[in-house]
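Structure, as structure tokens:
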Protein chains: 2
Amino acid sequence: MHGNHQHAHCIEEAITTANRICDERGLRFTDLRRRVLELIWENHGSAKAYDLLENLGGDYSAKPPTVYRTLDFLQENGLVHKINSLNAYVGCSHPLKHKDCFFLICSACNEVEECCGSSVAEALRSMASEQNFRPDHTTLEIEGRCVDCLKASQ
Amino acid sequence: MHGNHQHAHCIEEAITTANRICDERGLRFTDLRRRVLELIWENHGSAKAYDLLENLGGDYSAKPPTVYRTLDFLQENGLVHKINSLNAYVGCSHPLKHKDCFFLICSACNEVEECCGSSVAEALRSMASEQNFRPDHTTLEIEGRCVDCLKASQ
DNA sequence: TCTATAATGTTATATTATTACATAACCGCA
DNA sequence: TGCGGTTATGTAATAATATAACATTATAGA
């Protein structure tokens, strides 16, 4: 994720996908929602609610409920995730296909990578079933160093 | 965990263990620290910082820093864990042996069970190594229904 | 155009947590 | 025993995160 990539493309893709999903569901992808999603996607890190608030500026007389409602909408529709351990929000890198996802959070560059499926989900499922626990929602956030930052620090 | 168990024993054991750990480390298990740990262990749910604050009462003129500092101490020494998805704190059910633990949180009875080791930890390790990610700390919190609440709702 | 609904604005406040500095308790040692 | 450094706690102020309740505006469909 580090280094040069045409990040404008990431943003554009996220917006296009969001647009499509809202269309399919008969939901309105309003200016405000688009703007907040763009801000969240400004980089591959996580965004804090009050920073989004500040950066809305302009036409948007942004008060907290404005941004929290928008975040709720985006979360409900799988377009962003909340990172509980950071009280921050990241764009979902593959809406609609994000069951059992988890997050690798680099404490050096602050980038957050969303991961899905894999053997981790399977291990969680079988653990829960052994315990006779019926999971509704899983928070799995792993903080550490990403490969690029590990390389860079050598 | 539900139903009848001599919970006083849980509290007592937690306090005794904490005492021993502090002794071994040359740390002071002060009245305040003991009192906060007791309050956290008052049940098998999680405790909110400001509730602890209220319940300290008495001799302790409790202001927020008092309780947050105490929680920090208890966390640093593995005696309590923070549940990020709840902004709440639980007693550690096996201090010193709590690497790679995770939490099953019942949304019906609010009890939190701490689980350790197992294949989940292994799956996480191998996933991280595949991604060349070096984990420092993992937040794994699973919210759902525990076996007793599932039974009870049938 | 009218109307119902959804979205956003606005004010106030709740909840969670930290900073910074003052005081007190404790521990080792002269 | 008392001195002095360190650790722990007290206190005031405020920062950071989030929600409740109600007013207004925009939108889509009849």
Side-chain angles (χ1 to χ4, degrees), chain A residues 18-19 21-40 45-77 79-90 110 139 141, chain B residues 18-19 21-40 45-77 79-90 110 139 141:
Chain A
N19 223 325
I21 288 174
C22 288
D23 263 13
E24 286 168 8
R25 299 185 182 175
L27 301 169
R28 299 190 216 155
F29 193 53
T30 61
D31 259 21
L32 176 63
R33 289 165 178 172
R34 183 185 44 67
R35 186 84 188 94
V36 169
L37 191 56
E38 278 171 2
L39 287 172
I40 288 174
S46 58
K48 309 282 276 180
Y50 275 72
D51 290 340
L52 294 170
L53 204 51
E54 268 187 16
N55 293 133
L56 274 174
D59 294 344
Y60 304 97
S61 84
K63 303 273 168 15
T66 298
V67 82
Y68 282 107
R69 273 191 298 230
T70 306
L71 287 169
D72 284 348
F73 173 88
L74 296 172
Q75 283 177 267
E76 277 160 18
N77 292 288
L79 301 169
V80 318
H81 299 288
K82 176 168 187 181
I83 306 295
N84 284 307
S85 55
L86 300 175
N87 292 325
Y89 304 82
V90 293
N110 297 314
T139 296
E141 299 163 4
Chain B
N19 222 325
I21 289 175
C22 288
D23 263 14
E24 287 168 9
R25 299 185 182 175
L27 301 169
R28 299 188 217 156
F29 192 52
T30 61
D31 258 21
L32 177 63
R33 289 167 178 169
R34 183 186 43 67
R35 186 82 187 95
V36 169
L37 191 56
E38 278 171 2
L39 287 171
I40 288 175
S46 58
K48 310 281 279 182
Y50 275 72
D51 291 340
L52 295 170
L53 204 51
E54 269 187 15
N55 293 132
L56 274 175
D59 293 345
Y60 304 98
S61 83
K63 302 274 170 11
T66 298
V67 82
Y68 282 107
R69 274 191 298 231
T70 307
L71 287 169
D72 284 348
F73 173 89
L74 296 171
Q75 283 178 268
E76 277 159 18
N77 292 288
L79 301 169
V80 318
H81 299 288
K82 176 170 187 182
I83 306 294
N84 284 307
S85 55
L86 300 176
N87 292 325
Y89 305 81
V90 292
N110 298 312
T139 296
E141 299 163 3

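Only a predicted model underlies this, so the values are computations on that prediction, with no experimental measurement involved. A, B, ... follow the sequence lines: proteins, then strands. Residue 1 opens every chain. Values below: every heavy atom of this structure, side chains too, minus hydrogens, waters and symmetry copies.
- Summarising the geometry, the separation between CZ on A:Arg69 and P on C:dT11 is reported as 13 Å, rounded to the nearest angstrom.
- The distance from atom CD of A:Gln75 to atom C1' of D:dT17 is 14 Å, rounded to the nearest whole Å.
- Regarding contacts with the backbone of D:dT9, every side-chain N or O of B:Arg28 stays at 4.0 angstrom or more from both OP1 and OP2.
- OP1 and OP2 of D:dT9 both lie 4.0 Å or more from every side-chain N or O belonging to B:Lys63.
- Nearest-nucleotide positions on DNA chain C for A:Pro65 and A:Phe73 put A:Phe73 closer to the 5' end.
- Separating the CG atom of B:Leu32 from the P atom of D:dT7 is a distance of 17 Å, rounded to the nearest angstrom.
- A donor-acceptor contact under 3.5 angstrom links the side-chain atoms of A:Tyr50 to the base of D:dA18.
- Counting to the nearest Å, the P atom of C:dT18 and the CG atom of B:Leu71 are 10 Å from each other.
- Note on A:Arg33: only backbone sugar-phosphate atoms sit closer than 4.0 angstrom, heavy atoms only; bases stay farther off.
- Salt bridge status for A:Asp72 with A:Arg69: absent, with no side-chain N to carboxylate O gap under 4.0 Å.
- Rounded to a whole Å, the CD atom of A:Glu54 is 11 Å from the P atom of D:dT17.
- The phosphate of D:dA18 (OP1 or OP2) has a side-chain N or O of A:Lys82 nearer than 4.0 angstrom.
- What you find for A:Ser46 and A:Leu86 is that their closest heavy atoms are OG-CD1, 3.7 Å.
- Residue B:Thr30 is the one, among A:Ala88 and B:Thr30, whose nearest nucleotide of DNA chain D lies closer to the 5' end (criterion: closest heavy atom).
- Between A:Thr66 and C:dG9, a side-chain N or O to OP1/OP2 separation shorter than 4.0 Å is present.
- B:Tyr68 has no side-chain polar atom (N or O) that falls below the 4.0 Å cut-off from OP1 or OP2 of C:dT15.
- Summarising the geometry, the separation between NZ on A:Lys48 and C1' on C:dT16 is reported as 12 Å, rounded to the nearest angstrom.
- Exactly one of A:Thr30, A:Leu32, A:Leu37, A:Leu56 qualifies for a side chain to side chain contact (heavy atoms under 4.5 Å, CB included) with A:Thr70. That residue is A:Leu32.
- When each of B:Leu27 and B:Asn87 is assigned the nucleotide of DNA chain D bearing its nearest heavy atom, the one mapping closer to the 5' terminus is B:Leu27.
- A:Phe73 approaches A:Asn77 most closely through the heavy-atom pair O-ND2, 2.9 Å.
- Between the P atom of D:dA16 and the CG atom of A:Leu52 lies a distance of 15 Å, rounded to the nearest Å.
- When the C1' atom of C:dA6 is taken as reference, atom CD of A:Glu76 falls 13 Å away, rounded to whole Å.
- Phosphate proximity of D:dA18 to A:Tyr89: present, with a side-chain N or O under 4.0 Å from OP1 or OP2.
- Considering all non-hydrogen atoms of both residues, B:Leu71 and B:Val36 come closest at CD2-CG1, 4.4 Å.
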